[in-house]
Amino acid sequence: MKKQMNLDFVGRKKKFALISLSILIVGILCNIFMGVKMDIQFTGGSIIKYSYVGDISEQDVKAALDPVTGGGESLQFNYNVYAAGSSTPHNMLAVSLSDKNQLSSEDQQKMLGALEEKFPNASMTQVESNSVEATMGREFFWKCMVAVALASILMLVYVAFRFRKIGGWSAGLMALIALMNDCLVSYFVFVIFRIPLDDNFVAVILTILGYSLNDTIVVYDRIRENRRLLGPKSDLATVVNLSLNQSFTRTLNTSVATFMAVCCVTVVALIYQLDSILSFSVPMMFGVVSGFYTSVFLASPLWVGMRTAMAKRNAAKAEKNPKKKKAAAK
């Protein structure tokens with residue numbers, strides 16, 4: 001018979017909270033001193049995509065475009081893209097210009113001409129041109145933030161309603177704090193790895209919100225079941241420790257499987273230099289780890305601390321008010 005784990009999660013809640021707080025402080029310092037890069041989807045600008053054959057270097061592309069654009073462009077390479085009906089692999093080059101809301105056809109022709117002159121054997125061809133105004137970019141960014149905030153509020157209401165028999169609102173609040181911790185960790189990955197914030201950032205945040213909440217709900221569900229089996233008078237810390245030990249292996253296995261899947265996607269994206277995939281998979285890897293940590297080591301133990309503090313406060317009020325003393329005892 002498999003031996004039951006018996007770790008004291010609740011007793012070490014301060015240490016777990018301190019670890020999480022330390023990571024957040026490091027992330028905040030990196031954000032202050034390093035800043036965050038914003039993609040033109042949020043800041044406004046232009047993206048022009050070219051197809052080519054052979055190999056070209058980033059330094060040579062910049063040397064060709066800087067005299068035309070004035071510098072400041074960022075480059076993104078995607079390799080081995082096959083055109084429809086063609087067996088010859090074409091590579092893709094995306095040029096982003098954050099300070100150019102609109103590029104005239106003359107400007108685009110100058111850029112293409114500069115690249116053709118620099119790489120005469122590359123069969124350089126412009127395949128796409130998109131522009132985003134700065135005001136539209138800012139509006140899109142704030143709409144994304146509203147979507148994240150709305151999702152967080154709905155999750156709080158859902159947890160509060162589903163686990164109302166064990167103190168739903170306090171459980172929901174701790175789950176929300178844990179989710180915000182996961183979102184901040186994912187955001188700091190963008191900052192530290194110098195990944196521009198784009199629509200993948202929003203996709204990562206919303207995915208992490210759902211993933212981490214699912215793990216937390218599994219633990220809360222186990223707490224509710226054990227509270228029913230052990231009775232409402234049972235010690236809350238004992239119930240939570242029992243529930244966390246029972247669900248630990250399941251949560252760990254789920255997180256490891258998810259992490260390995262995202263890790264495989266990251267490796268493939270690195271091999272083929274798919275930056276658009278990396279900007280999603282790399283933050284997701286850290287988000288999965290953070291989601292496991294907060295679901296097991298933060299949300300429920302901190303919830304016990306919150307419930308204990310509330311009980312002590314109510315008891316103190318009851319001592320001062322004899323009429324409420326009986327109610328507090330119940």
Side-chain angles (χ1 to χ4, degrees), residues 36-134 136-137 140 189-190 193-204 262-285:
V36 59
K37 296 176 64 177
M38 302 284 284
D39 190 79
I40 66 169
Q41 290 176 327
F42 291 153
T43 61
S46 298
I47 298 180
I48 302 184
K49 295 183 179 180
Y50 304 92
S51 69
Y52 65 95
V53 294
D55 294 323
I56 61 177
S57 68
E58 181 175 345
Q59 291 181 346
D60 289 339
V61 173
K62 281 188 170 294
L65 292 179
D66 280 351
V68 181
T69 63
E73 69 275 357
S74 60
L75 310 177
Q76 183 179 18
F77 294 88
N78 290 330
Y79 296 93
N80 295 329
V81 179
Y82 287 83
S86 174
S87 59
T88 303
H90 283 68
N91 304 319
M92 298 296 295
L93 165 65
V95 181
S96 301
L97 299 166
S98 59
D99 59 344
K100 300 285 186 181
N101 290 337
Q102 295 290 337
L103 278 177
S104 65
S105 58
E106 183 181 352
D107 293 332
Q108 296 180 33
Q109 286 297 323
K110 288 181 179 179
M111 292 174 63
L112 178 59
L115 291 173
E116 289 176 334
E117 182 180 351
K118 186 71 173 180
F119 311 104
N121 300 321
S123 300
M124 192 71 65
T125 305
Q126 180 177 324
V127 296
E128 187 178 340
S129 175
N130 293 313
S131 297
V132 179
E133 294 184 2
M136 293 180 61
F140 176 57
V189 172
F190 279 87
F193 287 89
R194 311 308 296 157
I195 303 174
L197 257 65
D198 55 7
D199 52 358
N200 275 347
F201 169 70
V202 182
V204 168
V262 179
C263 187
C264 290
V265 173
T266 303
V267 171
V268 173
L270 283 171
I271 293 174
Y272 292 100
Q273 300 188 22
L274 302 174
D275 294 342
S276 58
I277 303 297
L278 286 172
S279 64
F280 176 83
S281 61
V282 173
M284 268 298 300
M285 290 171 59

Subject >> From CD (E116) to CD (Q126), nearest 0.5 Å >> reply: 10.0 Å
Subject >> Distance-minimising heavy-atom pair for S96 and I47 >> reply: OG-CG1, 3.8 Å
**OP:** Please tell me if the side chains of P283 and F201 come closer than 4.5 Å, counting only heavy atoms from C-beta onward.
**Re:** no
Subject >> Validation row: M92, V127 side chains within 4.5 angstrom (heavy atoms) >> reply: yes
Original post:
Quick check: does any side chain N or O of N200 sit under 3.5 Å from a backbone N or O of S276, one acting as donor and the other as acceptor?
Top reply: yes
Original post:
Nearest 0.5 Å, what's the CZ-NZ distance between R194 and K37?
Top reply: 6.0 Å
Original post:
Roughly how far apart are M111 CE and Q108 CD, rounded to 0.5 Å?
Top reply: 8.0 Å
Original post:
Taking atom OG1 of T69 and atom NZ of K62, what is their separation to the nearest 0.5 Å?
Top reply: 8.0 Å
Original post:
Hey, does L278 have a side-chain heavy atom less than 4.5 Å from the side chain of I195?
Top reply: no
Original post:
How many angstroms lie between atom OH of Y50 and atom OG of S129, to the nearest 0.5 angstrom?
Top reply: 8.0 Å
**OP:** Could you tell me the separation between the SG atom of C263 and the CG atom of L270, rounded to the nearest 0.5 Å?
**Re:** 9.0 Å
**OP:** Looking only at non-hydrogen atoms, find the nearest pair between T266 and S281 and report the distance.
**Re:** OG1-OG, 3.0 Å
**OP:** Answer yes if the ring centres of F119 and Y52 are under 6.0 angstrom apart, and no otherwise.
**Re:** no
Original post:
Under 4.5 Å between any side-chain heavy atoms of I56 and K118, yes or no?
Top reply: no
Subject >> Option among L115, L97, I48, D60 that satisfies the side chain to side chain contact (heavy atoms under 4.5 Å, CB included) test with L65 >> reply: L115
